Amino acid sequence: MHKVLLEWFEKHGRHELPWRQTQDVYKIYLSEIMLQQTQVSRVEGEYYPKFLKRFPTLKALAQASENEVLALWSGLGYYSRARNLLQCAKICKDTLPKEPKELMKLPGIGTYTANAICAFAYNQPVAVVDTNIKRVIMRFFALQDEKEVQQKAQMILNTNEPKKHNLALMDLGSLLCTPKNPLCDQCPIQQWCAGKESPHSFGKTKKTKREEKVIHFGIFLQSGHIAMERSNKNLYKNMFILPAIESAPKPFATFKHSYTKYNIQATLTLLNKRPPNTHLIPLQALSAYPVASIALKGIKKAIKHLQEDL
Ligand code: SF4
């Protein structure tokens, strides 16, 4: 099975992804952190190269300020990832540990990330289980209980080629063993797969129901600047956000945003007085500031709307 899986991977794998063309543990670690909660295309085309250009090594990152790191992360969401990344760099300075147990002592590194770093950067014989691999393993072994997945993944690991094996299963999960339409007829491991007759019975992902929430934001503009607050709440700690107002009887625009477990319906209201505790941020230089994604969305919407009104 190992041989056919790797042959399939050679032909069909996504070898062009930049983090697959490096052995640099920092670059692999960065990609794993960015890819949590964010689509490959956004990471690959925008945030990953931008971040590496500014901080090409862990050492360079270790000397950064939180402000600068958050500004580069701006728009990517889940900002604790950026803060943890910086903290890790400051703790490790030059390079990351090679043991999963040591890696898991670092902020923001759980089992998956530790295993991914060990397998992809150090080619260690560790089974990596992301959502794609989990689905493949559950179908392959016809498992109903996901508790066994890590152990089964380890059981079929190709210890001679752990990196390629893990990447092959990952790609198999995203290209063939997909959630809705698994292409079993094209699957290289079909003959060994216990779940091929009814793949939909295994590895279903549970949908998390999001809570609906309404937030009203105030927009105060003055000479090319916008009033923003520096958040002290956990989710957006130290990021700039739009000031919230209690009610919005006459909003000029609305927009939707989703994060963690919330679906937000946001409104925008023009204010004629600058709210207390706000800073005036130059609109032209917004990218130099750590601005929360929801605020960036609101500002874009407000500017578009106000320009149309001129
Ligand atoms: S045979 Fe079908 S269910 Fe089994 S691993 Fe391949 S694509 Fe998935």
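When a ligand or atom number is given, it counts from 1 through the structure's own listing order. None of these values were measured; they are calculated from a predicted model.
In this structure, Lys163 fails the cation-pi test against Phe120, since its NZ or CZ atom is not both closer than 6.0 Å to the six-membered ring centre and inside 45 degrees of the ring normal. For the pair Lys297 and Phe255, the cation does not sit on the ring face, since its NZ or CZ is not both under 6.0 Å from the ring centre and inside 45° of the axis.
The side chain to side chain donor-acceptor pair (under 3.5 Å) test with Asn263 singles out one residue from His257, Glu211, Glu212, and that residue is Glu212.
A salt bridge links Arg20 with Asp171: the closest approach of a Lys/Arg side-chain nitrogen to an acidic carboxylate oxygen falls below 4.0 angstrom. The pair Glu7-Lys3 meets the salt-bridge criterion, with a side-chain N (NZ, NE, NH1 or NH2) lying under 4.0 Å from an Asp/Glu carboxylate O.
Put simply, the side chain of Gln63 does not reach to within 4.5 Å of the side chain of Lys90, judged on heavy atoms.
Protein N/O/S atoms closer than 2.8 Å to atom 8 (Fe) of ligand 1, listed by chain and residue number, are Cys177 SG.
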